[in-house]
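Presented below is the structure to which this report refers.
Hydrogens, waters and symmetry mates play no part in the numbers below; they use all other heavy atoms, side chains included. Heads up: numbering here begins at 1 and tracks the sequence.
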Amino acid sequence: MTSPTAAADRAARAFLRAESRALRGQVFRPVLLGLAATSAGIAGAWLLALLLAALIAGQGGGWDALAGAAALALLGALLGL
C-alpha cells in the first residue's frame with residue numbers, strides 16, 4: 001500500500017512534467033536570444049581588448065576592431081530588447 005505523501009509526490013511530479021513540456025517552446029526563444037546577446041558581448045569585449053593592446057603597443061589605429069566592437073555592442077543591445 002502506498003502512503004498519501006507518495007501518491008501526492010507522484011501527482012506533483014506528473015503535473016510539473018506536463019507543465020514543463022507545455023512551456024518548453026515558450027522558453028526556448030528567450031534563452032536563445034540571451035545566449036546570442038551574451039556571445040555578442042563577449043566577442044565585443046575581446047575586440048576592445050585587442051584594440052587596447054594595439055594602442056598600448058603603439059601599433060596605431062585598429063579602426064576595424066573598433067568598428068567590430070561597436071557593431072557587436074549594437075547587436076547585443078538589439079538582442080537584449
Side-chain angles (χ1 to χ4, degrees):
M1 189 160 150
T2 62
S3 67
T5 57
D9 285 346
R10 279 195 304 274
R13 287 178 195 218
F15 172 74
L16 289 174
R17 198 174 307 119
E19 287 297 313
S20 68
R21 276 191 216 114
L23 296 176
R24 191 171 294 154
Q26 293 176 0
V27 173
F28 180 73
R29 186 175 177 184
V31 168
L32 189 62
L33 287 174
L35 287 173
T38 302
S39 299
I42 290 171
W46 180 69
L47 285 173
L48 282 176
L50 286 178
L51 175 65
L52 287 174
L55 290 174
I56 290 172
Q59 296 175 352
W63 292 105
D64 53 347
L66 182 61
L72 286 171
L74 183 61
L75 177 66
L78 289 174
L79 288 172
L81 291 179

Is Ile42 linked to Leu75 within one hydrophobic cluster, defined over Ile, Leu, Val, Met, Phe, Trp and Tyr using a side-chain heavy-atom separation of less than 4.5 Å? no
Starting at [atom1] of [X], measure out to [atom2] of [Y] and round the result to the nearest 0.5 Å.
X: Leu66; Y: Leu55; atom1: CG; atom2: CG; answer: 9.0 Å
X: Arg21; Y: Glu19; atom1: CZ; atom2: CD; answer: 11.0 Å
X: Leu72; Y: Leu48; atom1: CG; atom2: CG; answer: 9.5 Å

Which heavy atom of Gly44 sits nearest to which heavy atom of Ala69, and what is that distance? O-CB, 3.8 Å
Please give me the minimum heavy-atom distance between Gly76 and Ala37, naming the atom from each residue. O-CB, 4.0 Å
List, by chain and then residue number, the residues other than Val27 in its hydrophobic cluster (Ile/Leu/Val/Met/Phe/Trp/Tyr, side-chain heavy atoms under 4.5 Å); write none if there are no others. Val31, Leu35
How does the hydrophobic cluster around Leu16 look, that is, which other residues are in it when side-chain heavy atoms under 4.5 Å mark a link? Phe15
